[in-house]
Protein chains: 2
Amino acid sequence: MKTLAPAQPLPKFLQISELLSRQIRAGHFRTGERLPTEAELAQSLDVAVGTLRKALDVLEKQQVIERIQGSGTYVRSGNTGKSIYEFFRLELHDGPGMPSAHILSVDKLERPQDVPTFGADAKPQSAWRVRRLRFLNQTPVALEEIWFDAKHTRQLKASQLGESMYLFYQQNFQLWISRVEDHIYAQDVPTWTVPEFGVKAKKTTGYIERLSWTANNELAEFSKTWFDAKLCRYSSRLSQ
Amino acid sequence: MKTLAPAQPLPKFLQISELLSRQIRAGHFRTGERLPTEAELAQSLDVAVGTLRKALDVLEKQQVIERIQGSGTYVRSGNTGKSIYEFFRLELHDGPGMPSAHILSVDKLERPQDVPTFGADAKPQSAWRVRRLRFLNQTPVALEEIWFDAKHTRQLKASQLGESMYLFYQQNFQLWISRVEDHIYAQDVPTWTVPEFGVKAKKTTGYIERLSWTANNELAEFSKTWFDAKLCRYSSRLSQ
DNA sequence: AGGAATTTGTGCGTATGTATC
DNA sequence: AGATACATACGCACAAATTCC
């Protein structure tokens, strides 16, 4: 068993590339449109030009943008870049925002009946349950409960998880989520609240159940998300 | 017709990556071996660390090396990185060296009988002939005569050609040489010499005829190379 | 076990070159 | 020809991971 990577906030250049990626996918910048200049972007995002250029390098390699010397940086058509937040479909009402996460708890439990079986075997399984508070631009917008097969690791602590579960799976379990299926309902937060962040059950809560598969059609993750519909909404355009 | 890109010496970070690539392919660094540290490499190659890291970025993307934070930079097995000088098989007797080129002449001529036909049609063609003096580590080691179909461009001046013909083809003709066939003989330089560089016909001259194909099996280039066997040799290991 | 040294990763700022408009 | 914008290059500081003692 490979040792688990410790917690790591995303490096700034990846935060920037993800933010821009989400903004592009959300339509803030349209196909063919020229982005602000590197100097402007760097200043408005409060990073050095070199850091911004590293972020643009990522997007260029993902064929999300095209850079033309002397002219500008342009949005390419058919954006299918593999972003870490490719499947994160909550957005603020005034724009996509930048996702982040705060881990509330990590527990190994017997898989409850409402959590589907992972992989092929249908027998009872133990599974990891990770509860997180999700933010968009520092605003708490959702509560999340994530389940995945306990077979992947014997130990797991909150300190080992980073900002992105999908990135964590990739780096530690060598599995990459390539397809998800969402079911959205209206439902209150059932029992748990996070007073420290001013989060509690609200009548305006939306509820998402998600099944996440790997490329070989193995169900790798099951999650429930309760989001505050006053603050954000579910938008499928973010992962077209 | 797209306008031809002007001459451009290879950017320093590409020079470095090519040099290291050649050294690795030549066996100067073996599989699994750790390269000198970034600081050492940068100092010995007389570039800034940032520039060296950009070169290593290229090799890492080509899967030629693997970098492990805190440990070092290691040569990966099965090096098949697509290097600009992937098919440049001359090396100094004491190591691969870094290739460069000096253009002697550029002419559009009727294709001579000893130059094979390009593409499918067997009729007489006009073709570009580029003569170059080739260097390894600033030492003139070979004379080169390159022929390619004149259909690709109406005009061509020496100032538009850079250090690498293959890179030039790629950037201007959208064609990439993916396969070559070499025939090597012992033969004197026939008529032309370059006194300004102290190059002249020598009894020790080796002679190479090369056919270069694209991925769709179209003959794209024919070249003759006379090299000074006292200074360098032909080595197939450089492109395994 | 743990701390120091080593080595790569991230980030900043600046200067200069080169292509485009 | 001048202004704009991306590309290259340099150098530095600190963080994070590894290695070694």
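In what follows, chains carry the letters A, B, and so on, assigned in the order in which the sequence lines appear, proteins first and then strands, with residues in each chain numbered from 1.
Using cut-offs of 30° and 60° for the angle between ring planes, the B:Phe148 and B:Phe173 rings count as tilted.
Evaluation of atom-type donor-acceptor distances gives a pair under 3.5 Å for the side chain of B:Gln69 against the base of D:dA16.
Under 4.0 angstrom from either OP1 or OP2 of C:dC21 there lies at least one side-chain N or O belonging to A:Ser71. Under 4.0 angstrom from either OP1 or OP2 of C:dG9 there lies at least one side-chain N or O belonging to B:Arg67. The side chain of A:Lys12 places an N or O atom within less than 4.0 Å of a non-bridging phosphate oxygen (OP1 or OP2) of C:dC12.
D:dC20 atom P lies 13 Å from atom CD1 of B:Ile68, rounded to whole Å. Between the OH atom of A:Tyr74 and the C1' atom of D:dA5 there is a distance of 9 Å, given to the nearest Å. In this structure, the CD atom of B:Gln15 is 12 Å from the P atom of D:dT8, given to the nearest Å. The interatomic distance linking B:Phe13 (CZ) with D:dC6 (C1') rounds to 13 Å, in whole Å. Straight-line distance from the CD atom of B:Glu38 to the C1' atom of C:dT8: 5 Å, rounded to whole Å. Distance, B:Arg34 CZ to D:dT19 P: 10 Å, rounded to whole Å. Going from atom CG of B:Leu10 over to atom P of C:dT18 covers 14 Å, rounded to whole Å.
Here the CD-OG distance, from B:Glu86 to B:Ser164, works out to 11.0 Å after rounding to the nearest 0.5 Å. Note that CG of B:Leu20 and CZ of B:Arg22 are 12.0 Å apart. Values are rounded to the nearest 0.5 Å.
Comparing A:Gly70 and B:Leu35 by the nucleotide of DNA chain C that holds the closest heavy atom to each, the one mapping nearer the 5' end is B:Leu35.
Annotation: side-chain hydrogen bond (donor to acceptor under 3.5 Å, both in side chains) contacts of B:Tyr169 (sequence neighbours excluded): B:Glu221.
Looking only at atom types and distance, the side chain of B:His102 has no donor-acceptor partner in the side chain of B:Arg132 under 3.5 Å away. Side-chain contact annotation: B:Arg34 with B:Tyr74, donor-acceptor N/O pair under 3.5 Å absent.
Distances were taken from every side-chain heavy atom of A:Pro11 (C-beta onward) to each of C:dG11, C:dT7, D:dC6; the shortest belongs to C:dG11.
Between A:Arg25 and A:Glu91 there is no salt bridge, since no side-chain nitrogen of the basic residue lies less than 4.0 Å from a carboxylate oxygen of the acidic one.
Sorted by residue number, the members of residues 40-57 of chain A with any non-hydrogen atom under 4.0 Å from DNA chain D read A:Arg53.
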